[in-house]
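Contents: one structure, followed by commentary.
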2 protein chains.
Amino acid sequence: MSKMQKEHTLTKNQQIVFDLVEKSSEPLKAYSILFNVQKKGIKAPLQVYRALDRLVEIGKIHKIESRNAFIACHNSSCQVAKATAFSICEICEKVTEISSAGLSKYLTNFKDKDGMKYSKYNLEFFGLCKKCR
Amino acid sequence: MSKMQKEHTLTKNQQIVFDLVEKSSEPLKAYSILFNVQKKGIKAPLQVYRALDRLVEIGKIHKIESRNAFIACHNSSCQVAKATAFSICEICEKVTEISSAGLSKYLTNFKDKDGMKYSKYNLEFFGLCKKCR
DNA sequence: CTTTCTAATGTTATATTATTACATAACGTT
DNA sequence: AACGTTATGTAATAATATAACATTAGAAAG
Ligand SMILES: [Zn+2]
Ligand SMILES: [Zn+2]
Ligand SMILES: [Zn+2]
Ligand SMILES: [Zn+2]
């Protein structure tokens, strides 16, 4: 257990939802998650949304805002919970979390004209993936 | 009429929706727009969504994905339709379109590890605005 | 001017995404 | 055990968005 990273013990529902999102190769939508965890005893949307909210908060998963879908973090988790970047293929809808030190440094240090500094950002790139080009 | 910028004549519904969004100081949600244009004869969600879709497409307005809300472009329109950046105050929900040549240059030229180049991006920064700090 | 094609509109119904409200249970602390 | 806090369960409903199909308005061709 790294000292750099706070541990978060997942509760039952959080673990169930996380396991599903984590093993999915594509972003999952809330109601698709709900459907897939009903055999595990989760019955209502709210149970899913509560788990998702918490998982997002602790950085285990991210929400792809333009798609209303959730993907597990593949960037050493929590550290980038508040600084996310994704590439999204507009044809096959494949989503990849971008891990670029340069990009995150640039954006983390970005100040607007008012000198406003931000505590969080989300960036979504759109284009065609290798396969779809 | 500038030669640099394609003109898009708005249709009746598009103009009605645009006028409302354009004079609003804050991002508007689709159903709030619907409510406010009913006196102009627009009766159904779909009429609003169709107008919004088209207005986004031609760059007259942008969608703030994390808020499901729409704001008029304040960046010389169409030119940045596919390269948008916003700052969002997490307290008062004030949204400002960021106009930074450096930022847009950096992101437009950004290539990921696979050398994938993107045709479009949307960036949302979160923090506290001057007033809320 | 009339035909034809296309884009926009109107309308109803429905799908999808997300939250409110309130009751109950589990858990850690004292 | 008593208390406060966090997580759960459950039902109802709100908010966001699209499907399907009929009609109308405009542009372009003949
Ligand atoms: Zn991540
Ligand atoms: Zn693709
Ligand atoms: Zn703009
Ligand atoms: Zn503010």
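In what follows, chains carry the letters A, B, and so on, assigned in the order in which the sequence lines appear, proteins first and then strands, with residues in each chain numbered from 1.
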Covered region of DNA chain D, 5' end to 3' end, by chain A [heavy atoms, under 4.0 Å]: D/dA7 to D/dA11
Short N-O contact, B/E22 and B/K60, less than 4.0 angstrom: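 So B/E22 does not pair with B/K60 through a salt bridge.
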Salt bridge present between A/R67 and A/E93 (N-O < 4.0 angstrom): yes
4.5 Å side-chain heavy-atom contact, B/I88 and B/S66: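 Of all side-chain heavy-atom pairs linking B/S66 with B/I88, at least one is under 4.5 Å.
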Mutual orientation of the aromatic rings belonging to A/F110 and A/Y118 [parallel < 30°, tilted 30-60°, perpendicular > 60°]: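 Aromatic pair A/F110/A/Y118 classed parallel.
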Intermediate values then yes/no, side chain to side chain donor-acceptor pair (under 3.5 Å), A/N122 and A/T84: CA-CA 5 Å; A/N122 179 55; A/T84 50; 2.7 Å; yes
Has [X] got a side-chain atom pairing as donor or acceptor with [Y]'s backbone, closer than 3.5 angstrom?
X: B/Q47; Y: B/A44; value: yes
X: B/T108; Y: B/S104; value: yes
X: B/Q14; Y: B/T11; value: yes

Base-contact (B) and sugar-phosphate-only (S) positions in nucleotides 11-20 of chain C, heavy-atom cut-off under 4.0 Å, - elsewhere: BB----BBBB
Rounded interatomic separation in angstrom, taking CD from A/Q14 and P from C/dC27: 13 Å
Rounded interatomic separation in angstrom, taking NZ from A/K12 and C1' from C/dT24: 13 Å
